[in-house]
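The structure appears right after this line, and notes come after that.
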Amino acid sequence: MPRTARDVVFVDGVRTPFGKAGPKGLYAETRADDLVVRAIRELMRRNPSLPPERVDEVAIAATTQTGDQGLTIGRSAAVLAGLPKSVPGYAIDRMCAGAMTAVTTTGAGIAFGAYDVAIAGGVEHMGRHPMGEGVDPNPRFLAERLVDPSALVMGATAENLHDRFPQITKERADAYAVRSQQKVAAAYAAGKIQPDLVPTAVRSAEQGWGLATEDEPPRPDTTMEGLAKLKTPFRVAGRVTAGNAAGLNDGATACLLAAEETAHELGLTPRMRLVDYAFAGVEPEVMGVGPVPATEKLLARNSLTMDDIGLIEINEAFAVQVLAFLDHFKIADDDPRVNPWGGAIALGHPLASSGVRLMNQLSRLFEERTDVRYGLTTMCVGMGMGGTVLWENANWEGAK
């Protein structure tokens with residue numbers, strides 16, 4: 001029987017506050033699966049008109065799928081969150097683009113008609129499960145020179161980008177990082193970030209129970225002078241530092257997707273409409289350039305140019321990676337369309353969860369910017385990939 005694709009909408013998104021990975025971080029003694037369970041429960045609480053049994057799928061991403069991030073975490077988190085046992089779930093891994101892929105995969109299922117409603121998100125507890133834990137790379141990668149040895153060290157790939165694009169100096173990367181910190185501080189002061197944050201219980205054997213209510217990583221007092229003094233751990237006299245890159249973080253995200261017709265049936269208010277998405281591969285040793293071909297592919301397929309894009313949420317894994325994207329599309333470093341409320345350099349980047357954070361912020365910005373029709377969420381991905389999703393503002397004034 002022939003099928004007609006349906007419109008897919010982003011209804012709502014939430015996340016835990018992001019913490020610093022490590023023994024002193026917010027979530028040092030909190031389980032990864034409990035973080036994503038908290039996000040799913042809050043998503044359902046905020047949308048009481050959605051009967052739990054109407055959720056058709058739960059897709060949760062994790063880069064390191066072991067321990068409390070294993071056991072098919074989409075399914076286990078759905079059960080732990082109290083969804084009916086009839087609701088299935090699965091796990092996804094596309095490294096940093098895990099949650100983004102959870103959204104595009106379930107979104108495609110909705111468009112096809114296999115689902116009406118889905119929950120998609122991601123979790124990463126880098127304190128419990130450092131990137132690469134338990135990984136056994138095939139020796140052929142290096143023996144047959146399939147990739148450069150630096151491809152397996154994300155910070156080294158960022159240094160490679162500086163080599164490839166010498167106009168992106170350390171000073172320019174530091175300046176971008178300072179602006180990110182400043183934008184996050186301003187967004188917090190204006191109450192822009194808080195609506196998506198789920199207060200999350202934390203515990204410490206020494207201090208007892210507490211409540212995480214805001215992101216731990218931001219450093220609003222960051223200055224150019226301070227960044228200039230930081231070490232360059234990936235190369236002697238290098239350009240990548242802890243100040244112009246995202247840190248190691250813990251956190252979880254979840255969002256609610258639905259067929260547009262189903263959203264209206266259930267009284268759910270769409271924030272944005274999924275238009276299209278694209279993933280692309282690049283040389284793993286310069287993985288940070290991945291968003292460029294992914295975005296080019298997406299824009300070309302939809303007969304758009306960057307001039308048609310009113311808002312861009314790009315994951316700030318490294319400042320140099322963002323700047324390479326901006327240079328390619330001839331966008332100024334301080335273009336107001338780009339990460340208006342700051343990004344991962346300040347907020348943190350718990351790997352597989354970050355894609356939905358980008359979507360959360362874009363959807364909130366869409367609510368304020370009814371003059372903007374199209375926006376992008378885009379990110380680089382380890383092992384040499386990039387992913388970009390094109391969204392249409394459900395509040396766009398031109399649609400009325």
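Counting from 1, the numbers follow the sequence of the chain as shown.
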| task | Indicate whether the side chain of T63 and that of E124 have a donor and an acceptor atom separated by less than 3.5 Å. | result | yes

*asked:* With a 4.0 Å cut-off on N to O distance, would you call R172 and D327 a salt bridge?
replied: yes

Here the gap from L248 atom CG to L351 atom CG, rounded to the nearest 0.5 Å, amounts to 8.0 Å

So that I can tick it off, tell me whether E368 and K192 are bridged by a salt bridge, with the cut-off set at under 4.0 angstrom between side-chain N and carboxylate O. yes

| request: Using a strict 4.0 Å threshold on nitrogen-to-oxygen distance, state whether E225 and K229 make a salt bridge. | output: no

Separation between OG1 (T16) and CG (L26), nearest 0.5 Å, reads 9.0 Å

When rounded to the nearest 0.5 Å, the distance separating CG of D307 from CZ of F329 is 11.5 Å

- prompt: Among side-chain atoms of T370 and W396, is any donor-acceptor pair under 3.5 angstrom?
  reply: no

D334 and R179 ion-paired at < 4.0 Å:
no

Interatomic distance, CE@M306 vs CG@D335, rounded to 0.5 Å, equals 9.5 Å

Rounded to the nearest 0.5 Å, the CD atom of E159 sits from the OG1 atom of T232 at a distance of 6.5 Å

Hey, is K20 close enough to D215 for a salt bridge, meaning N to O under 4.0 Å? no

Look only at the side chain of R41 and the backbone of L80, and say whether a donor-acceptor pair between them is shorter than 3.5 Å. yes

Next on the checklist: Assess, by modelled atom type and distance only, whether the side chains of R15 and T253 contain a donor and an acceptor separated by less than 3.5 Å.
Outcome noted: no

| said: When you compare the side chains of E296 and H328, does any donor N or O come within less than 3.5 Å of an acceptor on the partner? | reply: yes

Discussion item. Do P17 and E216 have side chains that approach each other closer than 4.5 Å (heavy atoms only, starting at C-beta)?
Written reply: no

message = For residues V356 and L50: do they belong to one hydrophobic cluster (side chain heavy atoms under 4.5 Å, members Ile, Leu, Val, Met, Phe, Trp, Tyr)?
response = no

Exercise for review: State, without any angle test, whether S180 and E316 hold a side-chain donor-acceptor pair at a distance under 3.5 Å.
Suggested key: yes

Salt-bridge test for R6 and D116: reply yes if a basic N is under 4.0 Å from a carboxylate O, no otherwise. yes

NE2 of H162 to NZ of K170, rounded to nearest 0.5 Å, is 8.5 Å

query: T378 and T388: side-chain donor and acceptor closer than 3.5 Å?
result: yes

Would S150 and N160 count as having a side-chain donor-acceptor pair, cut-off 3.5 Å? yes

Checklist entry - Do Q69 and D33 have side-chain N/O donor and acceptor atoms under 3.5 Å apart? => result no

Under 3.5 Å donor-acceptor, Q321 side chain and N315 backbone
yes

